[in-house]
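Beneath this line is the structure, given in structure tokens, with notes to follow.
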Amino acid sequence: MNDNVSTLYALAHELLYLGTDGKPIYSDDFTRLNREVYQLADELYSCCGATPEEEAKLCLSLLMAYNATAYDNGDKQEHIQGVLDRCWEVLDKLSPSLLKVQLLVRCYSEVYEQKILKQAYSVINTWNKATLTSKRKEIMEELNNYPYEEVGE
């Protein structure tokens, strides 16, 4: 299952960022990629990770896939809600990590609750900004797309 989750993550990431590199988007590639992402997401939807980290990676990949794809067999919103329900169960079990921030950002993009952004920023604020990895930079850039105001407790 881990290989399929990694494949789904990579394909969904490619679909989400298609064209942002300045390369042209060809309709046959776009259609093929959409179909692959949706079919693989449907195959993995009923799977569960054996550990909180595996479950988080699966949920992250599924949310990315459903967000990226143009396909919907009438159950897309139901599947998104099902994955979000799983996320709420697993988030508290994750250590402060890149994976947790990625999952929080993806959840926020579905429900737009400020408390989710607050959790993401609390993890990011522990990172050494001078030695950020490309993945950490990417998630921080994505996070900058969402308005966030620090609110008192």
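Source: prediction; values computed, not measured. FYI, the numbering just counts along the sequence from 1.
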Please tabulate, for the side chains in residues 60-69, all donor-acceptor contacts under 3.5 angstrom to protein atoms that are two or more places apart in sequence or on a different chain.
unit_1, atom_1, unit_2, atom_2, d
S61, OG, K57, O, 2.9
Y66, OH, H79, ND1, 3.0
T69, OG1, N34, O, 3.4
T69, OG1, N34, OD1, 3.0
T69, OG1, Y71, N, 3.2

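Taking all atoms of both residues into account, the shortest heavy-atom contact from A120 to L143 is CB-CD2, 4.3 Å. Minimum heavy-atom separation, T126 to V123: OG1-O, 2.6 Å. Nearest approach of Y45 to G82, heavy atoms of both residues: OH-CA, 3.6 Å. Shortest non-hydrogen contact noted between C107 and L91 is SG-CD1, 4.5 Å. Residue E53 comes nearest to L99 through the heavy atom pair O-CD2, 3.6 Å, listed as atom of the first residue, atom of the second, then distance. Annotation for K93 and E89: closest pair CE-O, 3.6 Å, computed over non-hydrogen atoms.
In this structure, I139 CD1 and K135 NZ are separated by 10.0 Å, a value rounded to the nearest 0.5 Å. Between the NE2 atom of H13 and the CG atom of L15 there is a distance of 11.0 Å, given to the nearest 0.5 Å. Distance check: E113 CD to Q119 CD gives 10.0 Å after rounding to the nearest 0.5 Å. From I116, atom CD1 reaches atom SG of C87 across 9.5 Å, with rounding to the nearest 0.5 Å. Atom OH in Y9 sits 15.5 Å away from atom CG in L44 (nearest 0.5 Å). One distance of note links CD of E54 with OG1 of T51; it measures 4.0 Å at 0.5 Å rounding.
In this structure, E138 and Y17 have side chains that are in contact, with non-hydrogen atoms separated by less than 4.5 Å. Looking at R106 and C59, their side chains never come closer than 4.5 Å, going by heavy atoms from C-beta outward.
Put simply, the side chain of E55 gets close to the backbone of G49: a donor and an acceptor are under 3.5 Å apart. Under a 3.5 Å cut-off, the side chain of Y38 and the backbone N or O of N73 do form a donor-acceptor pair. Remark: side-chain polar atoms of S97 are paired, donor with acceptor, to backbone N or O of S95 under 3.5 angstrom.
Note: Y112 and Y108 have perpendicular aromatic rings, judged against thresholds of 30 and 60 degrees for the angle between ring planes.
Under a cut-off of 6.0 angstrom, the local environment of NZ in K129 is crowded, with over 12 non-hydrogen atoms contributed by other residues, nucleotides or ligands. Within a 6.0 Å radius of CG in D3, no more than 12 heavy atoms belonging to other residues, nucleotides or ligands are found. Atom CG of D28 has more than 12 neighbouring heavy atoms from other residues, nucleotides or ligands inside a 6.0 Å radius.
F30 pairs by the ring-ring contact (aromatic ring centres under 6.0 Å, His included) definition with nothing, not counting sequence neighbours. E43 is linked by a side chain to side chain contact (heavy atoms under 4.5 Å, CB included) to L40, counting only residues two or more places apart in sequence or in another chain. Contacts of R35 classified as side chain to side chain donor-acceptor pair (under 3.5 Å), with partners at least two apart in sequence or in another chain: none. The side chain to side chain contact (heavy atoms under 4.5 Å, CB included) check on Q81 picks up L84, D85, with sequence neighbours excluded.
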Test side chain to side chain contact (heavy atoms under 4.5 Å, CB included) applied to Y121 and L104, step by step: CA-CA 10 Å; Y121 276 106; L104 285 165; over 6 Å; no
Step-by-step side chain to side chain contact (heavy atoms under 4.5 Å, CB included) determination, R86 to L58: CA-CA 10 Å; R86 292 165 61 178; L58 175 59; 3.2 Å; yes
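Using a 4.5 Å cut-off between side-chain heavy atoms of Ile, Leu, Val, Met, Phe, Trp and Tyr, with links allowed through other members, Y26 and L33 fall into different hydrophobic clusters.
For residues 87-107, the set of pairs meeting the ring pair (Phe, Tyr, Trp, His ring centres under 6.0 Å) definition, not counting sequence neighbours, is empty.
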